[in-house]
Amino acid sequence: MIRESKTMAKVLEDLSEHQQYIALQHMRDWFEQDAHRFERMHQKVGPLLLDYSKNRVTEETWQLLSDLADASDLKSWREAMFGGEKINRSEARAVLHTALRQERNAVVEVDGVNVVAQAYQALDKALDFAEKIRQGMHLGYTKQRIVDVVNLGVGGSDLGPKMVTEALKSFATGDVNVHFVSNVDGAHLHHVLEHLRPETTLFVVASKSFTTPETLLNAQAAKAWLLAQTAWPDDAVAAHFAAISTNLQATAAFGIHPMQVFEMFDWVGGRYSVWSTIGLPVMCAIGREAFLQFLAGGRAMDAHFQNAPWRENMPVIMALLGIWYNNFFDAHSHAVIPYDYGMRSWTEYLQQLDMESNGKNVTQNNQPVNYATGPIIWGSQGVNCQHAYFQLLHQGSRLVPSDFIVPVNSHLPVGKQHTVLVANALAQTEALMRGKTLAEAQAELALNGQDIHLAAQKVFSGNQPTNTLMLTDINPYTLGMLIALYEHKVFVQGVIWRINSFDQWGVEYGKVLAKTIEQELVSGVRVPHDASTFGLIDYYQECYVS
Ligand code: F6P
């Protein structure tokens with residue numbers, strides 16, 4: 001049956017009306033009535049399984065949410081992104097992180113240039129350099145082998161490579177240790193460098209713009225550390241520095257040898273750049289083949305996203321569910337819980353990906369939005385989170401949808417510990433869905449001979465929505481799939497909210513003010529501020545010990 005396409009206003013009206021019905025339903029009843037709910041509401045893509053049956057949706061909800069995707073013209077936006085149109089309108093840039101993981105012989109043109117060929121040229125240079133380091137063919141100034149690589153970068157030039165390096169630690173081959181320094185707080189650099197030797201250390205200055213003060217200050221401090229520890233001439237540091245940037249003039253001005261500069265492109269956003277030369281630290285850790293597998297995983301998810309109908313399309317399903325809760329249930333946040341120690345930085349990575357992309361309140365057409373956009377993303381590794389804030393998920397007063405990421409196999413199994421870990425993840429999603437009724441709580445207390453008046457304390461309302469993403473294991477391919485899945489989820493939501501998910505003007509304002517305040521802190525000169533900021537500057541100057 002061909003359905004007539006609805007206007008956006010009609011879709012929103014239908015969804016609001018439908019929400020009033022769904023709000024009164026409990027998922028536990030749906031599971032009791034329908035033994036096939038999981039069958040109908042899970043999706044597999046290669047080694048990745050998404051169970052979305054523990055959500056507050058029926059078949060009718062899916063139809064209405066699919067209408068929303070259609071009314072948002074999602075298909076055209078998807079084509080525009082993959083095709084290299086300049087959909088990042090406020091910066092007049094194409095958005096082509098997907099081109100970074102295309103097959104080598106693919107063609108995607110921006111302004112008449114095949115960016116896939118461009119990307120592979122830069123990637124090959126970075127992969128070759130990483131192999132040289134791994135095989136001890138790139139030596140330091142004193143001809144010693146490099147054993148420590150320190151990435152100096154922040155935001156997208158840190159979070160992606162750091163998360164991936166940690167998550168794929170079991171795939172690290174060779175003798176290179178990779179470290180990450182992002183914070184301009186000197187303690188970060190200090191604690192990393194205190195264990196390293198200049199002769200065997202290489203710094204990678206990772207900055208798309210090469211203007212980020214935090215990163216450049218850390219790079220200067222790293223250079224000073226090298227020179228202070230050795231009697232080397234200034235130019236000796238060249239063997240110990242590499243850079244990744246779009247700003248080749250600035251890398252040259254910093255004194256980094258062009259052979260050790262790896263190009264980035266303005267059609268890749270920082271938070272989408274782990275697939276590019278920004279992945280150099282990952283390449284140093286896991287090597288060429290594994291890195292190419294990582295790209296292949298991303299590519300597999302791209303193909304799925306481009307071809308699957310909405311109802312079978314993993315990123316679209318997750319995006320629509322997010323919008324359902326955000327815009328129709330007034331959920332303010334979304335928790336993401338990986339049950340994998342290696343994935344401990346996943347949430348931080350995702351916070352930038354999601355919140356820097358969709359934390360916007362103006363549409364692509366410069367109109368203020370009058371609806372909620374990106375939610376607050378939070379979470380941390382299971383099971384630790386269970387013993388910290390899960391109480392609020394179970395018995396708090398807010399609706400908090402969450403994603404559970406659960407690898408079936410561990411690369412570092414210890415006794416039966418991984419089974420216990422997985423059991424905990426599944427138990428949490430079951431408890432969050434089912435809850436516990438007053439009658440059940442009373443029966444339990446009675447059985448144990450306890451005061452049944454306590455039953456009210458032991459009621460769990462349940463009906464908390466969860467997605468469970470199970471994957472065979474965390475490996476370069478599956479991790480590539482997972483990252484691309486969330487990238488596309490964020491994209492779909494941005495399209496539906498009509499915002500630009502690829503700029504980040506909101507971060508700029510604070511950066512500008514920080515420059516002025518920094519000068520005031522040192523010089524004592526004052527520019528106009530509010531009384532609070534003046535008071536804090538005064539207190540700083542009163543207490544500062546030079
Ligand atoms: O925090 C803002 C931001 O521009 C991010 O978008 C970016 O990932 C980060 O700073 C680092 O920028 P760069 O790689 O240019 O140093």
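The chain is numbered in sequence order, starting from 1. Start at 1 and go down the list; that is how both ligands and their atoms are numbered. Any value given below was found using the heavy atoms of this structure, including those in side chains, with hydrogens, waters and symmetry copies removed.
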Which protein non-hydrogen atom lies closest to atom 15 (O) of ligand 1, naming both residue and atom, and how far is it?
-> Ser209 OG, 2.6 Å
Looking only at non-hydrogen atoms, which of Glu356, Glu508, Gln504 approaches atom 5 (C) of ligand 1 most closely?
-> Glu356
Any N/O of Thr215 closer than 3.5 Å to an N/O of ligand 1?
-> no
Distance filter under 4.0 Å to Lys511 heavy atoms, resulting ligand 1 atoms = 2 (C), 4 (O)
Taking the non-hydrogen atoms of Glu214, is any one of them nearer than 4.0 angstrom to ligand 1?
-> no
In ligand 1, the atoms that come under 4.0 Å of a heavy atom of Gly155 are 8 (O)
Among Leu152, Val154, Leu216, Thr212, the residue with a heavy atom nearest to atom 13 (P) of ligand 1 is Thr212
Does Arg526 count as lying over the ring of Phe534, i.e. NZ or CZ under 6.0 Å from the six-ring centre, within 45 degrees of the axis?
-> no
Do the rings of Tyr349 and Trp346 sit parallel, tilted or perpendicular, given the 30° and 60° boundaries?
-> tilted
Mind listing the closest non-hydrogen atom pair of Arg271 and Asp503 along with its distance?
-> NH2-O, 3.0 Å
Of all the heavy-atom pairs spanning Gln493 and Gly322, show the shortest one and how long it is.
-> NE2-CA, 3.6 Å
Phe291 six-ring centre to Arg288 NZ/CZ under 6.0 Å and within 45° of normal = no
Looking at Gly156, which atoms of ligand 1 are within less than 4.0 Å of one of its heavy atoms?
-> 7 (C), 8 (O)
Lys223 charged N/C atom sitting above Phe254 aromatic ring, 6.0 Å / 45° | yes
